[in-house]
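Only one structure is covered here, and it is reproduced in the block below.
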Amino acid sequence: MMSSMVLERPTLVLNRNWQPVGVASVARSLVMVWNETARVVDPEDYQLYGWLDWSKLVPRDGELYVSTVYSRIRVPEVVALTRYDGMPTSAVTFSRRNIYKRDRYTCQYCGTQPGSEELTIDHVVPRSQGGLSTWENCVLACISCNKHKADRTPEQAKMPLKKDPGRPDWKPLYAVRCRPHVRRQASPADRL
């Protein structure tokens with residue numbers, strides 16, 4: 001993995017009370033630590049590190065790091081903000097990806113989890129009856145439930161929803177755009 005790819009990996013951001021408030025790239029999290037707006041949380045012992053202490057730590061075998069002219073800096077997995085106590089007020093963007101996350105890849109009519117390729121987005125009130133593409137009107141449906149419901153409302157099709165759709169509360173899960181950060185052994189290419 002090239003160094004630029006390492007810099008784009010996700011880092012969990014906690015507030016001062018250690019509540020998750022967001023996800024930042026490794027590059028952004030290192031800047032926050034440098035600017036003293038955050039400290040690195042070592043996942044091994046939960047110790048907090050400022051820039052000077054963190055930059056002196058030698059990467060362990062198999063651990064990802066970023067190379068500078070003079071040193072190797074461990075990739076932080078978690079940072080804690082030094083001044084922010086609140087929780088984010090961000091609204092979750094309405095998107096196909098976020099509907100899948102909200103509904104947990106589960107058909108909202110029969111409750112099965114067939115896999116993403118077998119799921120569709122269904123308009124509870126069909127567009128032909130004036131239904132809009134909103135959080136409150138879109139749910140995941142398996143292909144067979146979607147065919148059975150067709151251009152009808154759940155009441156008309158006698159297919160009650162497992163839960164009422166709505167805008168989910170914001171959580172870091174909705175901010176992640178890349179694959180989750182998984183601790184793994186580094187390859188020689190990671191050490192660029």
Side-chain angles (χ1 to χ4, degrees), residues 1 3-60 62-66 68 72-106 108 111 113 116 119 121 134-140 161-186 190:
M1 186 180 306
S3 191
S4 62
M5 292 177 73
V6 171
L7 291 172
E8 293 302 313
R9 293 177 67 89
T11 300
L12 179 63
V13 179
L14 308 175
N15 67 10
R16 271 190 346 173
N17 300 322
W18 290 51
Q19 298 167 309
V21 294
V23 176
S25 67
V26 167
R28 177 73 185 124
S29 64
L30 287 172
V31 168
M32 290 189 298
V33 174
W34 171 263
N35 291 336
E36 298 180 359
T37 58
R39 297 196 181 280
V40 177
V41 178
D42 189 335
E44 298 295 318
D45 59 9
Y46 305 107
Q47 185 172 342
L48 293 173
Y49 290 91
W51 178 261
L52 289 175
D53 294 330
W54 184 254
S55 63
K56 290 177 187 172
L57 294 177
V58 177
R60 299 178 191 118
E63 188 172 39
L64 294 177
Y65 58 83
V66 177
T68 68
R72 294 177 175 169
I73 300 170
R74 293 172 58 190
V75 170
E77 294 179 35
V78 182
V79 295
L81 299 173
T82 56
R83 296 182 188 97
Y84 181 69
D85 290 330
M87 291 297 290
T89 56
S90 300
V92 179
T93 305
F94 178 76
S95 69
R96 172 178 285 282
R97 178 177 52 91
N98 286 340
I99 290 173
Y100 276 75
K101 288 180 181 181
R102 179 199 66 187
D103 291 350
R104 298 182 178 183
Y105 293 82
T106 304
Q108 296 302 294
Q113 292 182 313
S116 59
L119 289 167
I121 294 179
T134 64
W135 280 113
E136 295 74 21
N137 194 47
C138 290
V139 296
L140 285 183
L161 287 164
K162 296 291 182 189
K163 75 176 190 191
D164 291 329
R167 180 184 295 273
D169 294 331
W170 188 92
K171 295 180 179 118
L173 165 73
Y174 292 101
V176 176
R177 286 194 162 71
C178 52
R179 291 176 37 209
H181 183 69
V182 177
R183 190 174 261 198
R184 65 172 184 74
Q185 292 289 64
D190 290 336

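For clarity, every value in this text was computed on a predicted model and none was experimentally measured.
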- Minimal non-hydrogen separation, Val26 against Val66, with atom names: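 Nearest heavy atoms, Val26 then Val66: CG1-CG2, 4.5 Å.
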Suppose we screen for side chain to side chain donor-acceptor pair (under 3.5 Å). Which residues come up paired with [X], at least two apart in sequence or across chains?
| X | answer |
| --- | --- |
| Glu36 | none |
| Ser116 | none |
| Ser55 | none |

Kindly state each residue pair satisfying salt bridge (charged side-chain N to carboxylate O under 4.0 Å, His left out) with at least one member in residues 12-28, sequence neighbours excluded.
->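 Non-adjacent pairs meeting salt bridge (charged side-chain N to carboxylate O under 4.0 Å, His left out): Arg16-Asp85.
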Calculate, to the nearest 0.5 Å, the distance between atoms [atom1] and [atom2] belonging to [X] and [Y] respectively.
| X | Y | atom1 | atom2 | result |
| --- | --- | --- | --- | --- |
| Ile121 | Gln108 | CD1 | CD | 11.5 Å |
| Ser95 | Trp135 | OG | CH2 | 6.0 Å |
| Arg102 | Lys163 | CZ | NZ | 6.5 Å |
| Leu140 | Lys162 | CG | NZ | 14.5 Å |
| Thr11 | Met32 | OG1 | CE | 7.5 Å |

Say whether, by atom type as modelled, one donor and one acceptor occur between the side chain of [X] and the main chain of [Y] under 3.5 angstrom.
| X | Y | answer |
| --- | --- | --- |
| Asp45 | Gln47 | yes |
| Trp54 | Arg74 | yes |
| Arg9 | Leu64 | no |
| Asn15 | Val21 | no |
| Tyr100 | Leu119 | yes |

Side chain to side chain contact (heavy atoms under 4.5 Å, CB included) partners of Asn35, counting only residues at least two apart: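 By the side chain to side chain contact (heavy atoms under 4.5 Å, CB included) rule, Asn35 matches Val31, Thr37.
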### Task
Using distance alone, with no hydrogens and no angle criterion, decide if Glu8 and Ser25 have a side-chain donor and acceptor under 3.5 Å apart.
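No, no side-chain donor-acceptor pair sits under 3.5 Å.
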| Any ring-ring contact (aromatic ring centres under 6.0 Å, His included) pairs touching residues 10-32, not counting sequence neighbours? |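 Qualifying pairs: none.
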